[in-house]
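Proteins come first, then strands; the chains are lettered A, B, ... in the order of their sequence lines, and each starts at number 1.
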Amino acid sequence: MILLHTNGQELLTWHLHPEAIIVCVVLLASYWYALKVWRPRPPDAGPVSQRQVIFFCLGVLTLFIAGASPIHDISEEHLLSMHTVQLLLFAFVAPPLLLAGIPTWLFQALLIRRGVLPVAKIVLNPLVAIFAFNMTLVIIHLPHVFDYQLRNESFHFAVHVWTVTVGLMLWWPIITKVPGLPQLSYPYQMAYLFVQSLVPAVIGSFITFSRTPVYDFYEQAPQIWGLDALGDQQLAAFVMKVVGSLILWGFIGAAFFRWYAEEEASGQGLPWSEAKEEPPRVGLKSNH
Amino acid sequence: MAHATAADHLQTSTGLDNRKLLMWLFLASDCLFFGSFIAAYLLYRGRSVVGPYPADLFDIPFTSVSAFILLMSSVTMVLALAAIQRGNVRNMRIWLFTTAILGTLFIAGQVFEFTEFNHEGLSLSTNLFGTTFFVLTGFHGAHVTVGVLILLSLFVVSMRGGIQQKDSLAIELAGLYWHFVDIVWIVIFTLVYLIQP
Amino acid sequence: MASVAVPKRSPLSEALKGVRLSAADYGSIWSWIATVDHKRIGILYGVSAFVFFMLGGVEALLLRVQLAQPDSGFLDPDAYNRLFTMHGTTMIFLVVMPMSSAFFNLLVPLMIGARDVAFPRLNAFSFWLFLAGAIFLNASFFTGDILNGNLGAPDAGWFGYAPLNLREFTPGHGLDFWMLGLQMFGIASLAGGFNFIVTILNMRAPGMTLFRMPVFVWMTLITSFLIIFAMPIIAVALFELTFDRLFDANFFNAEAGGNPLLWQHMFWLFGHPEVYILILPAFGIISAILPTFSRKPLFGYAFVVFSGIAIGFMSWGVWVHHMLTTGLGTVANSAFGVTTILIAVPTGVKIFNWMATLWGGSIRFRPPLMFAVGTVAMFTLGGLSGVLHSMVPSDFQQQDSYFVVAHLHYVLFGGAIFGLFGGIYYWFPKFTGRLLNEKLGHINFWLMFIGFNLTFMPMHVSGLLGMPRRIYTYNGEMGWNLWNQMSTVGAFLIALSVLVFLFNFFRSLRHGEESGPDPWDARTLEWSIPSPPPEYNFKEIPTVSSRDAFWHQKYREDETGKIVPVLAGGAVDDEAPEDEAEGEHGHGIHLPSPSYMPLIAASGFPVIATGLIYDYALVPVGFALILIGFFGWVLEPATEEE
Amino acid sequence: MKQLLNRFSPRRLGHLVPIFVLLALLGLFLSGCDTDTPQNTFDTKGEVAEKQAEIFYIAMWPAIAIMILVLGGLLVIMLRFRERDPKYVPPQIHGNTRLELAWTIAPAVLLLAIAVPMVVTIWDIGREPSEDAFRVNVIAQRFSWEFQYPEYTDEDGTPLSVFDQSGFHIPAGREVAFYLESVDVIHSFWLPKLGGKLDVVPGQVNVLWLRADEPGSFSGQCAEFCGLDHANMTMTVIAQPQDELDAWAAEMLE
Ligand code: HEA
Ligand code: HEA
Ligand code: CUA
Ligand SMILES: [Cu+2]
């Protein structure tokens with residue numbers, strides 16, 4: 001209990017995290033290289049939109065915040081709840097942004113090539129993706145794995161990289177529409193995201209109603225902000241369950257209304273202005 | 001799409017057979033049954049005030065064998081379905097029957113385990129472990145029993161010539177159920193037997 | 001579950017033939033018992049639910065008489081406790097849910113253009129099992145010495161909290177009947193839930209895409225999904241209770257280390273989705289009524305549908321608001337308080353869309369509309385008191401007080417029951433061919449509306465004045481007398497309104513004005529066929545090309561943008577096909593054959609339950625009945641052989 | 001003129017009757033709040049009850065505003081858009097996305113706004129009792145209460161234990177920490193004027209702190225249904241200055 005006197009303030013200072021910085025710089029540099037130098041773009045594709053660039057940069061920024069800001073330090077030293085915030089950033093925020101920032105033709109150039117395509121098809125298959133993501137989620141939350149992760153730096157880093165990777169797999173069918181690679185139609189997107197919202201909810205409930213702290217590490221970690229280990233744990237579960245679901249349900253809503261718009265656009269019967277004296281018997285038209 | 005009876009010569013809106021959809025929904029709902037029982041087990045794990053405790057009773061090698069048997073029965077179930085889809089009624093019968101036998105073996109193992117535990121002083125009312133353990137695994141055992149009943153009925157019907165290639169959906173549905181019960185056992189086996197606090 | 005084609009000569013199917021009715025027997029009592037027709041099953045559901053409504057209502061009246069004044073001796077405490085338990089249980093499980101099922105059954109196939117549900121016999125099974133469970137539950141009254149005023153009914157409240165529900169604290173068989181009866185009821189609901197999901201997803205007429213379905217069908221779909229995921233949870237809780245009560249297990253036994261709160265978690269994890277199971281069908285009903293009577297399409301169709309989906313989902317994340325005072329801690333309370341108030345958002349979207357539907361319409365004040373608008377208004381009040389509950393610190397004062405009783409009646413009676421009554425007024429002509437009397441309808445509505453508010457508005461006050469619920473008596477000094485008297489008077493006004501309804505119902509069945517196929521100038525497919533609908537529903541399965549398909553057949557826009565009726569549109573062709581066997585390009589209309597098997601299978605359940613309580617010898621008998629029922633069911637051909 | 005008369009014809013006023021009834025009931029409802037009855041949750045006599053009532057008001061006024069909006073809106077719509085010409089078919093309007101967004105976002109913002117004071121108060125009154133709180137162990141049993149006072153012990157060290165439902169004593173002006181235990185089923189400890197309730201759950205000890213600002217006598221009762229005589233599981237708690245309390249305890253110990 002060396003840090004017994006800690007107050008919230010000094011926790012908010014930034015520390016240097018070289019590995020996170022390196023990752024972010026490499027990402028940005030490759031992005032720049034692919035767009036400006038490599039440019040494998042087919043002649044008929046438009047330029048990269050500003051929106052896409054912004055999305056990608058936001059994605060990288062999210063990674064940086066999650067990996068190098070005080071969020072990282074607090075989650076590593078004090079609070080499970082902050083750790084959950086970090087997880088959400090890595091798995092539910094950064095990946096959709098990164099994917100949205102990459103133009104379709106770049107994906108095609110990267111993935112639709114001999115040797116890569118078959119692997120990509122398997123890895124990006126929604127069933128594989130959702131399975132991999134949730135297995136990861138469950139495994140990193142097993143008490144032993146979790147505690148080990150906090151004690152071993154490089155393992156911890158690997159876990160984060162892996163989380164982002166499975167996050168990218170998870171969000172692939174929602175964000176991207178690349179011909180030749182796995183996609184999902186809107187109703188299936190809804191079902192897919194719905195299933196995805198269940199697993200965190202289950203883990204969340206399990207943690208909420210545990211009457212003792214699940215993770216040794218945080219039980220012994222110095223307390224801050226007046227949260228004891230149990231309260232912290234409940235808050236973590238809440239973040240996981242509620243904030244996680246809010247994000248997922250935002251996308252479910254988007255899928256629903258796009259689906260609706262698509263159906264409306266395609267399936268309108270005759271507009272009334274075009275209907276003649278005797279309109280077709282819309283309600284009761286025979287089958288044959 | 002299989003067209004087994006006169007009732008469903010109509011096309012469905014999703015293209016999925018009504019009965020298959022029904023089976024999927026049933027299994028989804030059944031997940032919550034098992035989920036709730038498992039949750040109760042986990043919640044009460046390690047909270048029994050008196051013994052005997054899991055560590056005193058579990059015979060992991062024995063249960064692993066019976067779990068393996070159940071796992072194998074999924075393989076034979078797949079073979080049965082493959083056979084009827086190729087129109088090979090005879091092989092289908094053989095595999096169906098084998099599956100039923102394997103299932104029965106599993107049940108027998110469970111009955112043996114239950115009586116053994118009972119001898120060593122664990123009953124439904126002894127402690128929380130007894131309560132949650134017997135109810136959870138018993139509920140699963142009941143599922144397996146129903147599965148065996150379905151398999152045997154199908155076997156009898158097929159002996160009388162009632163299952164042809166066009167009826168493979170019936171086998172498929174039985175198979176879905178059977179695999180589900182199998183997967184649930186893997187979960188239970190892992191959570192109850194293998195991962196002990 | 002798998003049905004198998006049996007060769008024609010199978011001796012079993014020969015034997016079964018003897019006991020099978022042919023479709024020609026339509027009309028006899030037996031034809032009702034063996035029916036698999038969704039319309040008849042719907043009527044059976046509706047009538048039974050209404051009978052239970054009267055029963056539950058009379059129980060409520062007894063409670064109200066007892067509470068009309070302090071220190072009343074009208075009921076003894078034991079009877080009071082049993083009556084409120086049965087009142088709550090009956091109203092929730094035996095009235096609102098089956099009444100909703102009645103509407104699902106009557107309407108879903110008609111609205112999506114189908115001949116029947118996907119599994120007609122499963123449907124019949126579901127009804128009979130519901131009835132068996134309901135009767136079994138009410139049979140508990142007779143396990144006491146009823147003639148001397150000792151009722152045998154359950155007495156632990158409708159949510160039967162542990163550990164009060166254990167044998168140690170609640171001896172007697174009342175609670176055994178409760179848990180086993182509910183168990184049967186749960187299986188019945190599950191069967192219904194599966195059936196309607198499959199029906200809606202798979203049996204839609206050509207062109208009836210999901211986004212062309214009436215909102216009622218969407219609400220049915222969402223409710224059914226809630227049912228198939230919520231019912232297993234209560235089933236497990238009841239199983240565990242059964243093991244505790246009958247076989248000395250320890251699930252809720254605090255002495256053995258068990259946690260009594262486990263029951264509450266499971267009950268409310270089921271219970272909160274359950275309240276949306278109760279209200280969403282009513283939402284569907286008023287989404288059909290309001291457009292018809294304002295002559296406008298539903299405003300914001302996609303938003304109404306999606307808010308339903310969102311409510312359905314969010315209902316899984318709020319259950320702890322029933323347990324705010326159990327000491328779960330500040331974090332849990334804050335979290336669940338916040339999720340709970342947020343559920344007001346999608347519900348509000350619905351309310352506002354209904355108001356926008358009426359806005360700019362040409363509103364006809366017919367009884368269905370009155371009830372529908374009443375629903376919107378009264379449900380809003382109930383919803384708002386729900387939000388007051390979800391403000392956690394103030395709920396510490398309100399929990400288990402009459403404020404909760406007020407809230408729950410505003411949403412359940414003001415929301416669900418008003419909506420269901422609206423549905424009865426609206427669709428009565430479709431299924432009887434006659435209109436309910438309009439004047440009586442208005443009297444019915446105003447009496448019920450005023451009586452309802454008079455009964456339940458004062459309960460807000462008595463609750464805030466500190467009156468706990470479930471007390472059979474109170475001290476005259478507490479300042480609750482006036483409010484309770486008002487409630488009691490109101491309750492009798494409601495009873496009067498129900499009597500008016502009954503009178504109207506029976507009179508109109510015989511003497512009501514003939515309605516014709518489309519008395520309200522409505523918008524959806526069920527009004528395009530004769531009233532009452534023929535057995536086969538649609539002579540030809542319709543092809544749908546828009547939402548509100550029937551309306552589009554009747555009206556169109558002229559050059560100036562005004563909407564004018566199409567002269568020949570909407571004419572309903574109610575001649576039966578000349579030769580029924582020739583209906584659809586020579587195939588004939590295959591109706592599923594009536595069957596006794598669902599009834600036989602369902603009857604096994606109460607036998608097992610009785611066996612568990614009194615004599616284990618009955619248990620195998622029950623199982624045998626179930627097996628016979630199921631095997632007969634699988635082996636008999638589903639439709640008559642050609 | 002005729003139109004104006006028509007507007008107030010008895011028939012149309014008839015539609016308003018229920019609204020008047022509702023308003024009258026609402027008036028009564030609000031008047032109920034400030035009566036002086038023994039368990040009135042608005043007649044607060046302690047810090048906790050006060051904060052809880054505050055939260056109630058914070059939510060109640062928006063709720064009343066929304067009630068007026070919805071019920072008033074319905075009334076206006078019903079009067080303004082009632083059918084005049086049976087042949088008239090109004091324009092078929094299917095929706096308006098901007099409106100939808102507005103009435104999704106506005107309530108959400110309102111609710112999140114009232115959620116802030118709510119959460120603050122949860123943490124505020126949900127804290128552990130302070131160090132110098134007066135401790136009372138409350139043991140609930142069907143259908144009576146027992147108060148144990150660890151601060152007052154006899155020679156053998158057994159704490160003072162009181163069963164008198166008509167007079168349990170606590171200090172006034174000092175925080176009291178109630179340690180709630182049940183020997184049988186779930187009960188709920190409720191002293192409306194001092195603060196909201198907390199359940200008494202077998203197998204766990206729940207802690208509730210309350211403070212009576214002034215001396216006085218407060219009525220309370222079991223709020224969780226616990227069986228046959230739940231209605232009579234009542235209690236009266238008397239708050240008095242510390243010295244009087246000490247004197248009372250000394251007398252009781254004899
Ligand atoms: C049909 C059934 C039904 C429905 C729909 C609801 C809906 C809601 N209920 Fe209710 N509830 C019950 C049935 C129902 N309830 C029952 C039976 C009990 C008691 C169980 C028992 O103990 O026996 C109960 C108890 C209960 C409690 C526990 C009280 C206690 O015991 O301490 C709580 C606490 O939060 C609660 C909250 C809510 C909320 C927030 C909603 C919300 O869904 C309401 C949302 C609707 C609106 C808010 C109105 C419309 C919205 C607008 C017009 C938009 C604008 C509004 C705002 C910005 C506020 N309910
Ligand atoms: C859909 C649900 C529903 C409905 C419709 C009702 C309807 C009514 N309820 Fe209900 N009530 C509940 C659900 C419902 N209730 C629940 C869940 C509880 C909680 C239970 C618990 O705590 O466990 C409860 C509890 C409850 C209590 C609290 C009991 C207590 O806590 O001590 C009271 C007290 O007044 C009450 C009263 C009424 C009244 C007067 C009606 C009236 O509106 C009833 C009107 C209907 C009729 C009157 C029937 C008509 C009958 C006839 C026409 C026959 C004519 C006969 C004569 C005139 C004698 N109810
Ligand atoms: Cu004790 Cu109610
Ligand atoms: Cu609820």
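- Only the backbone of Ser294(C) comes within less than 4.5 Å of a heavy atom in chain D; its side chain stays farther off.
- The candidate with the highest count of non-hydrogen atom pairs below 4.5 Å against chain D, out of Tyr80(C), Tyr474(C), Trp480(C), Tyr472(C), is Tyr472(C).
- A donor-acceptor contact closer than 3.5 angstrom links the side chains of Gln204(D) and Asn206(D).
- Comparing Val207(D), Ile66(D), Asp184(D), Asp124(D) by heavy-atom pairs within less than 4.5 Å of chain C, the highest count is held by Asp184(D).
- With respect to chain D, the highest number of heavy-atom pairs below 4.5 Å among Gly327(C), Gly361(C), Ala254(C), Gly479(C) belongs to Gly361(C).
- Across all their heavy atoms, Phe218(D) and Ala212(D) have their closest contact at CE1-CB, 3.9 Å.
- Counting heavy-atom pairs under 4.5 Å between each of Gly383(C), Ser394(C), Ser362(C) and chain D puts Ser362(C) at the top.
- A side-chain N or O of Ser188(D) and one of Asp199(D) form a donor-acceptor pair less than 3.5 Å apart.
- Ile122(D) pairs in a side chain to side chain contact (heavy atoms under 4.5 Å, CB included) with only one of the listed residues (Leu324(C), Thr330(C), Val331(C)), which is Thr330(C).
- With a 4.5 Å cut-off on non-hydrogen atoms, Ala49(D) touches chain C through its backbone and its side chain both.
- Using a 4.5 Å cut-off between heavy atoms, Thr234(D) does not touch chain C at all.
- Heavy atoms of Leu99(D) lying under 4.5 Å from chain C belong exclusively to its side chain.
- In this structure, no portion of Asp548(C) lies under 4.5 Å from any heavy atom of chain D.
- For Trp190(D), the part lying under 4.5 angstrom from a heavy atom of chain C is the side chain only.
- For the residue pair Pro62(D) and Leu110(D), the shortest heavy atom distance occurs at CB-CD2, 4.3 Å.
- For a residue to count as touching a neighbouring chain, one of its non-hydrogen atoms must lie under 4.5 Å from one of that chain's; by this rule Ile351(C) touches chain D with the side chain only.
- A centroid separation of 6.0 Å or more is found between the aromatic rings of Trp263(C) and Tyr161(C).
- Among Pro163(C), Ser462(C), Pro77(C), the residue with the largest count of heavy-atom pairs under 4.5 Å with chain D is Pro163(C).
- Contacts between Asn232(D) and chain C at a heavy-atom distance below 4.5 Å involve the side chain alone, from C-beta outward.
- Taking chain C as the reference chain and counting heavy-atom pairs below 4.5 Å, the highest number among Ala115(D), Pro202(D), Ala108(D), Pro107(D) is found for Pro202(D).
- With 3.5 Å as the limit, one finds a donor-acceptor pair spanning the side chains of Gln399(C) and Thr325(C).
- No side-chain donor-acceptor contact under 3.5 Å links Lys193(D) to the backbone of Gly220(D).
- A centroid separation of 6.0 Å or more is found between the aromatic rings of Phe303(C) and Tyr301(C).
- Interface summary for chain C: among Ile93(D), Asp229(D), Val119(D), the most heavy-atom pairs under 4.5 angstrom belong to Ile93(D).
- For a residue to count as touching a neighbouring chain, one of its non-hydrogen atoms must lie under 4.5 Å from one of that chain's; by this rule Val387(C) touches chain D with the side chain only.
- Ring geometry, Phe403(C) versus His389(C): the interplanar angle exceeds 60°, so the pair is classed perpendicular (tilted spans 30 to 60°).
- Heavy atoms closer than 4.5 Å to chain D are found nowhere in Thr357(C), neither backbone nor side chain.
- In this structure, no portion of Ile105(D) lies under 4.5 Å from any heavy atom of chain C.
- For chain D, the nearby part of Phe84(C) is the side chain; its heavy atoms alone come within less than 4.5 Å.
- Your options are Glu477(C), Gln398(C), Met323(C), and the one with the most heavy-atom pairs under 4.5 Å with chain D is Gln398(C).
- The aromatic rings of Trp446(C) and Phe449(C) sit perpendicular to each other, their planes meeting at more than 60°, with 30° as the lower class boundary.
- The residue from Ile471(C), Asp155(C), Asp76(C) that alone fulfils the side chain to side chain contact (heavy atoms under 4.5 Å, CB included) condition with Asn81(C) is Asp155(C).
- Heavy-atom distances place the side chain of Phe159(C), and not its backbone, under 4.5 Å from chain D.
- Contact annotation for Val70(D): both backbone and side-chain heavy atoms come within less than 4.5 Å of a heavy atom of chain C.
- Only the backbone of Pro86(D) comes within less than 4.5 Å of a heavy atom of chain C; no side-chain atom from C-beta onward does.
- Only the side chain of Leu369(C) comes within contact range of chain D, with heavy atoms under 4.5 Å apart.
- For Ala162(C), the part sitting under 4.5 Å from any heavy atom of chain D is the backbone (N, CA, C, O) and nothing else.
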Checklist entry - Given Asn137(D) and Arg135(D), is the side chain to side chain contact (heavy atoms under 4.5 Å, CB included) satisfied, shown in steps? => result CA-CA 7 Å; Asn137(D) 296 339; Arg135(D) 177 169 174 155; 2.9 Å; yes

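- Using a 4.5 Å cut-off between heavy atoms, Ala377(C) touches chain D through backbone and side chain atoms alike.
- The minimum heavy-atom distance linking Ser390(C) with Thr340(C) is given by the pair CB-CG2, 3.3 Å.
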Checklist entry - Under the side chain to side chain contact (heavy atoms under 4.5 Å, CB included) criterion, do Val138(D) and Leu208(D) qualify, and how do the steps go? => result CA-CA 10 Å; Val138(D) 176; Leu208(D) 172 74; over 6 Å; no

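- Contacts between Gln221(D) and chain C at a heavy-atom distance below 4.5 Å involve the side chain alone, from C-beta outward.
- Of the atoms belonging to Thr380(C), it is side-chain heavy atoms, and not backbone ones, that fall under 4.5 Å from chain D.
- Neither the backbone nor the side chain of Met233(D) comes within less than 4.5 Å of any heavy atom in chain C.
- Looking at Ile125(D), only its side chain comes within 4.5 Å of chain C, counting heavy atoms on both sides.
- In terms of heavy-atom pairs under 4.5 angstrom with chain D, the leader among Leu342(C), Val392(C), Asn353(C), Asn333(C) is Asn353(C).
- Looking only at atom types and distance, the side chain of Thr121(D) has no donor-acceptor partner in the side chain of Lys51(D) under 3.5 Å away.
- A side-chain donor from one of Ser334(C) and Trp123(D) sits under 3.5 Å from a side-chain acceptor of the other.
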Next on the checklist: For His187(D) and Ile139(D): C-alpha separation, side-chain torsions, deciding distance, then whether side chain to side chain contact (heavy atoms under 4.5 Å, CB included) applies.
Outcome noted: CA-CA 10 Å; His187(D) 305 267; Ile139(D) 292 127; over 6 Å; no

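- When the candidates Pro192(D), Ala106(D), Gly126(D) are compared by the number of heavy-atom contacts under 4.5 Å with chain C, Pro192(D) comes out ahead.
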